[in-house]
Amino acid sequence: MGKNTLEIKNLSKTYKGQTEALKDVSFSVSRGELVSVIGESGAGKSTLFRCINQMIEPNAGSSIVVEQNETIGISKKKLRNVRKQIGMVFQHYNLVYRLTALENVLHGRLGYYSTLRSALSLYTEEDVKRAMELLDMFGLSERKFFKCSNLSGGQKQRVGIARALIQNPKLILCDEPIASLDPQASKVIMDYLKAISKSMGIPCLVNLHQVEVALNYSDRIIGMKDGEVVFNGSPIQLTKDKIAYIYGAQIDEILAC
Ligand SMILES: Nc1ncnc2c1ncn2[C@@H]1O[C@H](COP(=O)(O)OP(=O)(O)OP(=O)(O)O)[C@@H](O)[C@H]1O
Ligand SMILES: [Mg+2]
């Protein structure tokens, strides 16, 4: 087993000195792993993702190490580099709908460009070629020049994944990537995430609402409850009792959702 790509230690986040959204969270993710984060609404899953991506600042004493580098409390310049290493995939895709699929994928390269160059959208030929390849890879060859507003949800999410990948990320964070998709489109997206973690070796940390999907696709599952990690193990180890504890509900209710 290689070194961990992501190592979180004693991560806490208290919003406005009130809500303790994360309490002393510690876990790691290594190369090639697909790790799901599950837990009921308000458990702290999105807060965890926002802390990893540094959209919000955790409490003092928290540590998040990405590829052996501490990312908490670093300079803005270094933070820019950390953000390049983390590809983000969102529930609502976060695409610019009036632009084409190709242009949206290229947006993933902006972190590598100067402000002037990005303002003028002067992408290199190499980046355009790579964006095309990624769209081909995700079955969107015929959709490269479609406006994103005209794509289906599943196609939009594939553009979102291609945009994350063109960053050459060391880690991909997906906050509810399939929550807006039907089961068939969800399967396609999860199959791609699995392939990315396995064949490209890029670990994916995926926040999921559907326990069954987490059980089917994950190498490991992190269960969160009230801001704490209450389970960290393989799908086989996640017994029905443990699922019920994480969700504070009857197992039948959860699996019926
Ligand atoms: N910006 C904020 N300011 C204050 N409190 C917040 C903020 N964002 C989240 N919280 C609170 O922090 C807790 C964790 O929220 P979070 O969004 O991380 O949960 P979640 O597990 O992602 O839930 P869901 O499954 O509904 O998306 C909740 O109690 C929430 O109300
Ligand atoms: Mg959330």
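Excluded from the calculations below are hydrogen atoms, water molecules and symmetry mates; all remaining heavy atoms, backbone and side chain alike, are included. In each ligand, atom 1 is the first atom listed, and ligand 1 is the first ligand listed.
In this structure, Gln18 does not count as a contact residue of ligand 1, since none of its heavy atoms falls inside 4.0 Å of the ligand. Using a 4.0 angstrom heavy-atom cutoff, Ala43 counts as in contact with ligand 1.
The aromatic rings of Tyr123 and His107 sit tilted, their planes meeting at an angle between 30° and 60°.
With a 4.0 Å cut-off on non-hydrogen atoms, Glu176 touches ligand 1 through its side chain and not its backbone. Contacts between His209 and ligand 1 below 4.0 angstrom, taking non-hydrogen atoms only, involve the side chain exclusively.
Among protein heavy atoms, atom 26 (O) of ligand 1 sits closest to Ser41 OG, 2.6 Å.
Any N or O atom pair closer than 3.5 Å counts here, and Gly42 shares at least one such pair with ligand 1. An N or O contact shorter than 3.5 Å links Ser46 to ligand 1 by distance. Between Thr19 and ligand 1, a contact under 3.5 Å exists for no N or O pair.
Pairing each heavy atom of Asn59 with each of Lys13, the nearest pair is OD1-CA, 3.4 Å.
Here the side chains of Glu103 and Val96 are not in contact, with every heavy-atom distance at 4.5 Å or above.
A donor-acceptor pair is defined here as one N or O able to donate and one able to accept, closer than 3.5 Å; such a pair exists between the side chain of Asp182 and the backbone of Gln184. Side chain of Gln157 to backbone of Pro177: a donor-acceptor contact under 3.5 angstrom is found.
Residue contacts to the Mg ion (ligand 2): Asn207 brings no N, O or S atom closer than 2.8 Å.
Using a 4.0 Å cut-off between a side-chain N of Lys or Arg and a carboxylate O of Asp or Glu, Glu126 and Lys129 do not qualify as a salt bridge.
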